[in-house]
Amino acid sequence: MSTPETDTEIETAGNFIRDIVADDVNQGRIADVVTRFPPEPNGYLHLGHAKSICLNFGIADDFSGRCHLRFDDTNPVKEEIEFIDAIKEDVRWLGFDWGEHLYFASDNFQQLYDWAEYLIENGNAYVDDLSADQIREYRGTLTEPGKPSPHRDRTPEENLDLFRRMAAGDFDDGARVLRAKIDMASGNINMRDPVLYRILRAEHPRTGTDWCLYPTYDFAHGQSDAIEGVTHSLCTLEFEDHRPLYDWLVEHLPVPATPRQYEFARLNLTNTVLSKRRLTQLVDAGHVNGWDDPRMATISGFRRRGIPAAAIRDFCTRIGVTKAASTAETAYLDHCTRELLNKTARRRMAVLDPLKVVIENYPEGDGEELTAVNNPNDDAQGTRPVPFSREIYIERSDFMEDPPKKFFRLGPGREVRLRFAFFITCTDFIKDADGNVTELRCTYDPETRGGNAPDGRKVKGTIHWVSAAHALNAEVRLYEPLFTVADPGAGNGDFLDDLNPYSLKVLTGCKLEPGLADLALGETVQFERQGYFCLDPDATPAAPVFNRTVGLRDSWAKAQKKS
RNA sequence: UGGGGCGUAGCCAAGUGGUCUAAGGCACCGGCUUUUGAUGCCGGCAUCCGGAGGUUCGAAUCCUCCCGCCCCAGCCA
């Protein structure tokens, strides 16, 4: 089984951020470690977020501290309740618990507003009447310094009056902004009088229409950290440039604590996209079936595909945390998934591309139950009965009319073992008018029940099968990478041009072992010799649907490809 | 021509002057085992750490210069 409850523990791994935290604790600078995971509720969580979640909650665990879940909901035009709920579910499913520490930046709107007035009173912020375009012009460029806004030297009194009127709704959206008064000539553009508040008449998911002006990320984030007592504020590299501003605000405001920001490299994965902008585009344009499409690198997509949370956690600790831009190969995640599932997943038999086999010397109308092992790597998982009868299905690819020597499966006159059942020998095959093989005629050796011959003779191949009369009919969905190239849209191309048209393959009429009818949503099992599969939420008792989580390694197929 | 970062094998990543003729994992390549051509096991896979100089008895680790890559000019986060 691979439900979250039975997942194995994550291993902790050292990294430069843990070293910093450990040093702070050892030097007595920090008594209680507090971290936070701060998503903006404008989309679903993806693998990159999982890396951050594992880091933040992992560090809190390691140092007996705590990790908050805080929604960075400062932009009401992009944020929705649906995303808040989905994010909470995903974090929980990943195996983390924020306890009582659920926060929203919007909880701090009043305090932030008061601090904005404080900044104004101390001459550290001013109201600017310039338009967005003008502000951009005045900001200068990467290589040229900016120039001061004509409104930069308003008196604190005038600024306070204007700011209060901004809050009172006296001005149109975008008419004025509040800016920090720092340094228009700074090489760091974030320090060129960054905007702290903008007028926005949008209904906020939590504060409704209480406010018509909202703080920017820069003004809300660090102060929220300080209010919550966050000690280590971990974010990705693109915020490194914001750290001077983060520190400037903490320094110029009477905040209750001095949190520190540390940055690490964001995660990239080959053959997929991991930016919210692109994921949103895939969903909105219908290239996938929603945020939880099993092909998406979202947490909910992985969950639906059957990847256990523990495999994702394991992957996150294995890739590490550094400041070097990195792109992990999907093969690495696949490996983590297989490694965990190999140890935990129950085995079942399923024929995806059925070919009927009639065992001619098996009494018509008879049947029996054979015993199959649930997990050869874990005896504790026990056994199960599997029905056997005269007509069965085997995988079409397990028969060749004219097989090469190295082919260990079925062919005219060849003998193989049916897993957990009997040796059978192919005596004949039937073709239709088009030359397709439609049925195999075989004989079985009753002495080989269970899979061993008393006379000691061996067979090279063992194939899986399902009794025709007892088979569960199902749809099975196979997934391939969403994109055909490692880095979709590399250079200046459109990433949509790299979409893999064959990323989803739907098989119908698959024949599954009957016990699979009782498989619970959320459990991933192994279909022997094929891969790991789980029930899809689309399934109904009358029409089961399974997703392939990941295939088994297949050295035979690999060898075939080479020759 | 600005500011901030980063460069160790195809990928991720240890390493912070001597035990480095550089961990570990993924991928790949051999072999053994096997009632899943799965798993497991064994072995192989960087004389070299972006490059060039220099310091030192000694450098991937220190210094200098050079090269390459990433991020920043949202009233997004």
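Below, read A as the first sequence line, B as the second, and so on, with proteins coming before strands; counting in each chain starts at 1.
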When you match A:V321 and A:L130 each to their closest nucleotide on RNA chain B, which lands nearer the 5' end?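 Comparing both residues, the 5'-ward one is A:V321.
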
Given that A:K406 and A:D133 both sit by RNA chain B, which one's nearest nucleotide is further toward the 5' end?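 In this pair, the answer is A:K406.
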
Between [M] and [N], how far apart are the [atom1] atoms? Round to whole Å, please.
N	M	atom1	result
B:rC20	B:rG5	P	33 Å
B:rA46	B:rG10	P	11 Å
B:rU33	B:rG50	P	43 Å
B:rA73	B:rU64	P	31 Å
B:rC57	B:rC42	C1'	41 Å
B:rC48	B:rC41	C1'	30 Å
B:rA60	B:rC49	C1'	4 Å
B:rA14	B:rG25	C1'	11 Å

May I ask which nucleotide in the shown strands pairs with [N], Watson-Crick or G-U wobble, both distances under 3.5 Å?
N	answer
B:rG68	B:rC6
B:rC62	B:rG54
B:rC49	none
B:rA22	none
B:rG74	none
B:rG43	B:rC29

Check the distance between [N]'s [atom2] and [X]'s [atom1] and give it to me in whole angstrom.
X	N	atom1	atom2	result
A:D334	B:rA27	CG	P	9 Å
A:I17	B:rA14	CD1	P	11 Å
A:N15	B:rG25	CG	C1'	16 Å
A:F315	B:rC11	CZ	C1'	10 Å
A:L341	B:rA38	CG	C1'	13 Å
A:E528	B:rG37	CD	C1'	13 Å
A:K147	B:rG2	NZ	P	22 Å
A:I312	B:rC12	CD1	P	20 Å

Measure from the side chain of [X], starting at C-beta and using heavy atoms only, and say which of [options] lies closest.
X	options	value
A:R318	B:rG25, B:rA27, B:rA13	B:rG25
A:Y332	B:rC12, B:rA27, B:rC72	B:rC12
A:R553	B:rU39, B:rG37, B:rG25	B:rU39
A:L142	B:rA77, B:rC72, B:rU36	B:rC72
A:H335	B:rC26, B:rA14, B:rU39	B:rC26
A:F408	B:rG37, B:rG25, B:rU36	B:rG37
A:R136	B:rA77, B:rU39, B:rA73	B:rA73

Do the side-chain N or O atoms of [X] get closer than 4.0 angstrom to the phosphate oxygens (OP1, OP2) of [N]?
X	N	result
A:T216	B:rC75	no
A:R529	B:rG37	yes
A:H464	B:rU36	no
A:R18	B:rA14	no
A:R179	B:rG74	no
A:R198	B:rC76	yes
A:K558	B:rC29	yes
A:T462	B:rU34	no
A:S555	B:rA38	yes

Do A:R338 and B:rU39 have a side chain to base donor-acceptor pair shorter than 3.5 Å?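 Not at all, since no donor on one side and acceptor on the other fall under 3.5 Å apart.
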
Does any N or O donor sit under 3.5 Å from an N or O acceptor when you compare the side chain of A:Q530 with the base of B:rU36?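 Between B:rU36 and A:Q530, which were checked side chain against base, a qualifying N/O pair under 3.5 Å is absent.
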
Near-parallel close stack of A:W556 and B:rG37 base (under 5.5 Å, under 30°):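 Yes, the aromatic ring of A:W556 stacks with the base.
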
For the residue pair A:F83 and A:W291, categorise the inter-ring angle as parallel (less than 30°), tilted (30 to 60°) or perpendicular (more than 60°).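 Judged by the thresholds at 30° and 60°, the geometry between A:F83 and A:W291 is perpendicular.
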
Please, which pairs that meet ring pair (Phe, Tyr, Trp, His ring centres under 6.0 Å) have at least one residue in residues 175-196 of chain A, sequence neighbours excluded?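 Every pair satisfying ring pair (Phe, Tyr, Trp, His ring centres under 6.0 Å) with a residue in residues 175-196 of chain A: there are none.
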
Table please: side-chain donor-acceptor pairs of residues 48-56 of chain A below 3.5 Å, with sequence neighbours left out.
from  : atom 1 : to     : atom 2 : distance (Å)
A:H49 : ND1    : A:H46  : N      : 2.9
A:K51 : NZ     : A:A265 : O      : 2.7
A:S52 : OG     : A:N56  : ND2    : 3.2
A:N56 : ND2    : A:R36  : O      : 3.4
A:N56 : ND2    : A:S52  : O      : 3.0

Closest approach of A:R179 to A:L196 (non-hydrogen atoms, all atoms of both residues):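 Reported closest heavy-atom pair: C-CD2, 4.0 Å.
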
If we ignore angles and hydrogens, is there a donor and acceptor under 3.5 Å between the side chains of [X] and [Y]?
X	Y	answer
A:N108	A:Y103	no
A:Y246	A:Q261	no
A:T236	A:R266	no
A:D218	A:N190	no

Does any N or O in the side chain of A:R348 come within less than 3.5 Å of the main-chain N or O of A:G515, such that one atom is a donor and the other an acceptor?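 The answer is no, because no donor-acceptor pair under 3.5 Å joins these two groups.
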
Judged by atom type as modelled, is there a donor-acceptor pair below 3.5 Å linking the side chain of A:H68 to the main-chain atoms of A:R70?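 Checked: no pair found.
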
Qualifying residues under side-chain contact (heavy atoms from CB on, under 4.5 Å), relative to A:A557, sequence neighbours excluded: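 Checked A:A557 against side-chain contact (heavy atoms from CB on, under 4.5 Å); matches are A:D554.
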
Under 3.5 Å, which protein N or O atoms sit close to an N or O of nucleotides 4-7 of chain B? Give each pair with its distance.
none

Is there any protein nitrogen or oxygen under 3.5 Å from a nitrogen or oxygen in nucleotides 42-46 of chain B, and what are the pairs?
none

Could you work out, with ring pair (Phe, Tyr, Trp, His ring centres under 6.0 Å) as the rule, every residue matching A:F71, not counting sequence neighbours?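 Here the qualifying residues are A:F104.
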
Between A:R417 and A:F423, is NZ or CZ placed under 6.0 angstrom from the six-membered ring centre and within 45° of the ring axis?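 Because its charged atom misses either the 6.0 Å distance or the 45° angle limit, A:R417 does not stack over A:F423.
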
Heavy-atom check, side chain of A:Y332 versus side chain of A:T337, under 4.5 Å: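 A side-chain contact under 4.5 Å is absent here.
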
